[in-house]
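See structure below.
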Amino acid sequence: MRTAAQAQSASGSRPAPDHAKPLSFAAIFHPSAAVDSDRASLMVIHNRTKVAKRSMRSTDILGLRIHCSSRKESRVSEWVFESEFERNLFALRQEKLEAIAALGQSRYPNHYRATHTIFAVRAQWNEVSGEALNGTPEQPAPRVEISVAGRIMAIRAQGKAGFATLQQGGERLQIYVRQDAVGEAGYALYKLLDMGDHVGVTGYLFRTRTGELTIHVESLTFLAKAMLALPEKYHGLSDVELRYRQRYVDLFANLDSREVFVKRAKILRAIRRFFDSRDYLEVETPMMQPIAGGAAARPFVTHHNALDLDLYLRIAPELYLKRLVVGGLDRVYEINRNFRNEGVSTQHNPEFTMLEFYQAYANYHDLMDLTEELIAQVAQEVNGTTVVEFNGHTIDMAQWQRLTMAEAVRRAVPGADLHDGKALYALFEQHVEHTLIQPTLIYDYPTEVSPLSKAKPDDPAHVERFEFFIGGFEIGNAFSELNDPVEQRRRFEQQLAAREAGDDEAHQMDEDYVRALSYGLPPTGGEGIGIDRLTMLLTGSRSIRDVILFPLLRPEKHNDAQSGEATA
RNA sequence: GAGCUCGUAGCUCAGUCGGUAGAGCAACGCACUUUUAAUGCGUGGGUCCUGGGUUCGAUUCCCAGCGAGCUCACCA
């Protein structure tokens with residue numbers, strides 16, 4: 001209901017109401033969608049006294065109801081505004097916007113041309129002294145004229161002058177606005193500004209008596225208004241649910257949060273550089289697949305209407321990437337989303353980002369070397385060091401340990417039976433995995449637990465497979481790929497039997513994949529690395545939701561509609 | 001899916017041994033031309049998550065629901 005209304009108003013096609021209705025968000029945001037007198041009535045809410053405000057809640061103004069607090073009659077507003085406080089604030093800011101327009105400023109200007117980003121200003125003048133910038137009364141320094149734009153994150157007015165802090169590009173810079181420099185209209189504009197507003201300023205750089213680099217503003221341009229209140233300026237937004245649901249607020253209110261996603265982008269860039277420089281080809285394979293293969297997991301199902309075809313969101317790109325190697329793309333990698341219809345936790349999100357790469361003529365030993373190099377190099381590029389702090393541990397992403405699974409289990413569980421593959425793997429998961437804080441490669445997995453891996457030539461009980469662990473959880477999984485089509489078909493048939501026995505995570509038969517292998521897959525090594533988890537490590541984030549911009553949450557329910565039905 | 005914890009102003013948090021609530025920031029008004037969590041004085045703002053129960057009375061106690069966090073299980 002909410003989304004439909006918003007979509008309609010956003011498209012501008014919503015017809016004007018044919019009779020007076022409670023003032024809606026759409027009406028405020030798209031004045032053309034509201035009758036003119038709706039706007040006029042907004043203007044009335046000015047200089048309210050307590051008495052005036054109270055009476056306004058239940059009184060018609062100009063024959064139109066404002067409904068400041070009549071929640072049940074104003075459902076659309078109810079969806080948008082959290083409270084009467086917000087509703088009033090929005091209306092008040094709307095008036096300020098009109099007052100700003102009356103000063104000759106555009107309400108929502110189309111552009112602003114700054115000469116510098118705040119980052120650039122800091123880069124160039126952060127170390128320049130106050131003497132050099134300000135000069136002396138006898139010998140003033142030549143002025144550094146610049147203009148920057150940003151969001152107001154702090155504002156302090158003091159009579160006929162004031163300071164504000166602009167934030168842009170994750171950096172902050174103070175501005176100083178005084179009436180005798182910007183004029184009466186300019187200062188009137190300054191006084192109409194609120195925390196969260198966007199402005200552009202032109203002026204010259206100086207340092208205050210406390211030494212802070214500041215723009216002495218000579219021209220102030222209004223750019224956009226914040227119609228809602230910002231989070232508390234000292235603590236920021238700390239409610240984790242709000243941070244995830246309203247990431248747009250989290251990102252500008254908590255610069256640490258922003259930094260995580262900047263780093264995430266750097267990680268992706270570093271990975272691409274790493275593989276590009278080794279002649280890997282970046283590819284994109286289907287996210288919607290008729291058969292969800294390449295991993296053991298429950299898929300999401302969707303439907304293509306025109307083809308009347310059920311499709312699965314992919315649980316892995318693996319089988320398509322190996323088809324490409326059959327096709328002669330010897331080195332391929334893909335960084336993209338996988339979808340698994342399973343639980344959520346601090347380490348699991350239903351959609352997550354996976355790097356997978358395949359290299360013809362390589363085996364798992366080659367991939368071990370490549371992995372250690374990749375992780376160390378990415379850490380170095382992103383953090384400038386290979387050492388990270390994670391969950392109270394100091395981890396060096398360049399110091400690796402390699403152990404066979406049998407050896408790892410033997411150390412943790414003396415006297416354990418190392419010959420039963422499934423039991424060995426269970427012991428590993430139970431006793432070893434969470435202890436692998438420092439980067440560790442575990443190799444030579446039991447064949448029983450590795451259906452897609454190639455057996456060791458001299459030891460059919462083990463396969464050429466490794467996983468690697470950092471911070472106590474798995475980051476990647478790699479093996480020499482099974483490329484015998486007869487063996488592959490046999491394993492699919494085993495999976496099919498398991499599926500019929502009720503295992504809905506067992507692989508489906510993929511005839512076309514077997515056919516691809518039948519054309520000849522060269523000996524190939526392949527690996528998958530969880531990008532979200534790697535990002536957690538490199539940013540010190542303890543939850544996967546802290547490294548995913550919009551993690552999956554249950555939609556918020558608005559209680560008056562829901563609870564009414566529930567109790568009926 | 002199970003267990004534990006949490007839900008009070010826009011935000012960050014107190015508090016009520018059961019008698020319908022407070023602070024700081026934010027907002028509004030006034031003062032203030034080098035402040036920076038500006039300051040001073042004043043004002044407004046709350047279905048204390050929702051529903052039910054116990055009670056003279058529930059934001060507080062009990063039950064259920066919704067949402068979130070953590071841990072465990074499955075999984076990467």
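Values below: all heavy atoms of this structure, side chains included; hydrogens, waters and symmetry mates excluded. From a predicted model like this one, the values you see are computed outputs, not experimental measurements. Note on naming: letters A, B, ... go to the chains in the order of the sequence lines (proteins, then strands), and numbering restarts at 1 for each one.
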Between [options], which one does the side chain of [X] approach most closely?
X: A:Gln158; options: B:rA27, B:rC32, B:rA37; answer: B:rC32
X: A:Arg156; options: B:rU35, B:rA27, B:rA68; answer: B:rU35
X: A:Leu92; options: B:rU34, B:rU33, B:rC28; answer: B:rC28
X: A:Asp180; options: B:rA27, B:rC28, B:rU33; answer: B:rU33
X: A:Ser543; options: B:rU33, B:rC70, B:rU12; answer: B:rC70

Name all residues meeting the salt bridge (charged side-chain N to carboxylate O under 4.0 Å, His left out) criterion together with [X]; count only those two or more places apart in sequence or in a different chain, and write none if there are none.
X: A:Arg402; answer: A:Asp369, A:Glu372
X: A:Lys191; answer: none
X: A:Arg247; answer: A:Asp250

Are A:Phe222 and A:Leu97 side-chain neighbours, meaning at least one heavy-atom pair lies under 4.5 Å? yes
[atom1] atoms of [N] and [M], separation to the nearest Å:
N: B:rG18; M: B:rU59; atom1: P; answer: 13 Å
N: B:rU5; M: B:rC63; atom1: P; answer: 11 Å
N: B:rG24; M: B:rG44; atom1: P; answer: 14 Å
N: B:rC25; M: B:rA68; atom1: P; answer: 32 Å
N: B:rU60; M: B:rU8; atom1: P; answer: 13 Å

Tell whether A:Arg178 reaches the base of B:rU33 with its side chain through a donor-acceptor pair below 3.5 angstrom. yes
Are A:Phe479 and A:Tyr364 an aromatic pair by the rule of ring centers under 6.0 Å? no
Less than 4.0 angstrom between a side-chain N/O of [X] and OP1 or OP2 of [N], yes or no?
X: A:Ser238; N: B:rC13; answer: yes
X: A:Arg209; N: B:rU35; answer: yes
X: A:Thr346; N: B:rU71; answer: yes
X: A:Lys96; N: B:rC28; answer: yes

With B for base contact, S for sugar-phosphate-only contact and - for none (protein heavy atoms under 4.0 Å), nucleotides 1-10 of chain B reads ---------B
Using 4.0 Å as the upper bound for N to carboxylate O, is an ion pair formed by [Y] and [X]?
X: A:Arg151; Y: A:Glu171; result: no
X: A:Asp532; Y: A:Arg264; result: yes
X: A:Lys225; Y: A:Asp194; result: yes

Looking at [N], which nucleotide sits across from it as a Watson-Crick or G-U wobble partner, both distances under 3.5 angstrom, or is there none?
N: B:rU47; result: none
N: B:rA31; result: B:rU39
N: B:rA2; result: B:rU71
N: B:rG57; result: none
N: B:rC17; result: none

Show every donor-acceptor pair shorter than 3.5 Å between a side-chain atom in residues 163-170 of chain A and any protein atom, with sequence neighbours excluded, or say none if there are none.
residue: A:Gln167; atom: OE1; partner: A:Arg172; partner atom: NE; Å: 2.7
residue: A:Gln167; atom: OE1; partner: A:Arg172; partner atom: NH2; Å: 3.0
residue: A:Gln167; atom: NE2; partner: A:Phe252; partner atom: O; Å: 2.8
residue: A:Gln168; atom: OE1; partner: A:Ile118; partner atom: N; Å: 2.8

Point-to-point distance, once rounded to the nearest 0.5 Å, from CZ of A:Arg337 to CZ of A:Phe339: 6.0 Å
In residues 164-174 of chain A, which residues come under 4.0 Å of RNA chain B by heavy atom?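 The answer is A:Gln174.
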How many whole angstroms separate atom CD1 of A:Ile152 from atom P of B:rA26?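 In whole Å, B:rA26 P lies 14 Å from A:Ile152 CD1.
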